[in-house]
Amino acid sequence: MRPVTRWLLLAAGSVALALGVLGLFLPLLPATPFLLLSAACYSRSSERFYRWLVNHRVLGTYIRNYVERRGVTMRAKLYTLGVLWTTMLI
């Protein structure tokens with residue numbers, strides 16, 4: 001892979017990762033698609049960043065659940081609904 005392509009994928013993965021982390025706290029911004037995009041970019045550009053992301057204690061669970069076809073956990077669903085309704089009520 002050319003160095004320019006590698007750096008562009010690293011940058012895109014990092015931006016997607018930042019948006020994914022924001023999506024954990026903002027109810028209308030989805031976290032999982034951005035984390036999956038970040039994992040895809042990292043897997044093509046840097047094995048080290050990909051391993052870090054997949055093995056991360058919090059962020060890695062979203063990716064592993066998707067890859068293993070387990071979906072979103074009940075805890076994550078309840079948290080999302082709670083934050084969404086609290087935000088709408090305010």
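Each ring-ring contact (aromatic ring centres under 6.0 Å, His included) pair with one or both residues in residues 55-90, not counting sequence neighbours, appears once here: W52-H56. Sorted by first and then second residue, the salt bridge (Lys or Arg N to Asp or Glu O under 4.0 Å) pairs involving residues 24-53 (not counting sequence neighbours) form an empty list.
Listed by chain and number, the residues in a salt bridge (charged side-chain N to carboxylate O under 4.0 Å, His left out) with R57 amount to none (sequence neighbours excluded). For N55, there are no side-chain hydrogen bond (donor to acceptor under 3.5 Å, both in side chains) partners at least two apart in sequence or on another chain.
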Could you tabulate the donor-acceptor pairs under 3.5 Å formed by side-chain atoms of residues 9-24, not counting sequence neighbours?
unit_1 : atom_1 : unit_2 : atom_2 : d
S14    : OG     : L10    : O      : 2.9
S14    : OG     : Y42    : OH     : 3.1

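Taking a 4.5 Å side-chain heavy-atom cut-off between Ile, Leu, Val, Met, Phe, Trp and Tyr, the cluster of L78 extends to M74.
Scanning both residues, R6 and S46, for their nearest heavy atoms gives NH2-CB, 4.2 Å.
Both L35 and V54 belong to a common hydrophobic cluster when Ile, Leu, Val, Met, Phe, Trp and Tyr are linked at side-chain heavy-atom distances under 4.5 angstrom. When hydrophobic clusters are built by joining Ile, Leu, Val, Met, Phe, Trp and Tyr residues whose side-chain heavy atoms come closer than 4.5 Å, directly or via intermediates, L36 is grouped together with F49. One hydrophobic cluster, built from ILVMFWY side chains closer than 4.5 Å, holds both W7 and L53.
No donor-acceptor distance shorter than 3.5 angstrom exists from the side chain of S38 to the backbone of F34, with no hydrogens or angles considered.
Separating the CG atom in L59 from the CZ atom in R64 is a distance of 10.0 Å, to the nearest 0.5 Å.
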Q: Kindly indicate, with the supporting measurements, whether the criterion side chain to side chain contact (heavy atoms under 4.5 Å, CB included) is fulfilled by L28 and L84.
A: CA-CA 8 Å; L28 297 178; L84 181 66; 4.1 Å; yes
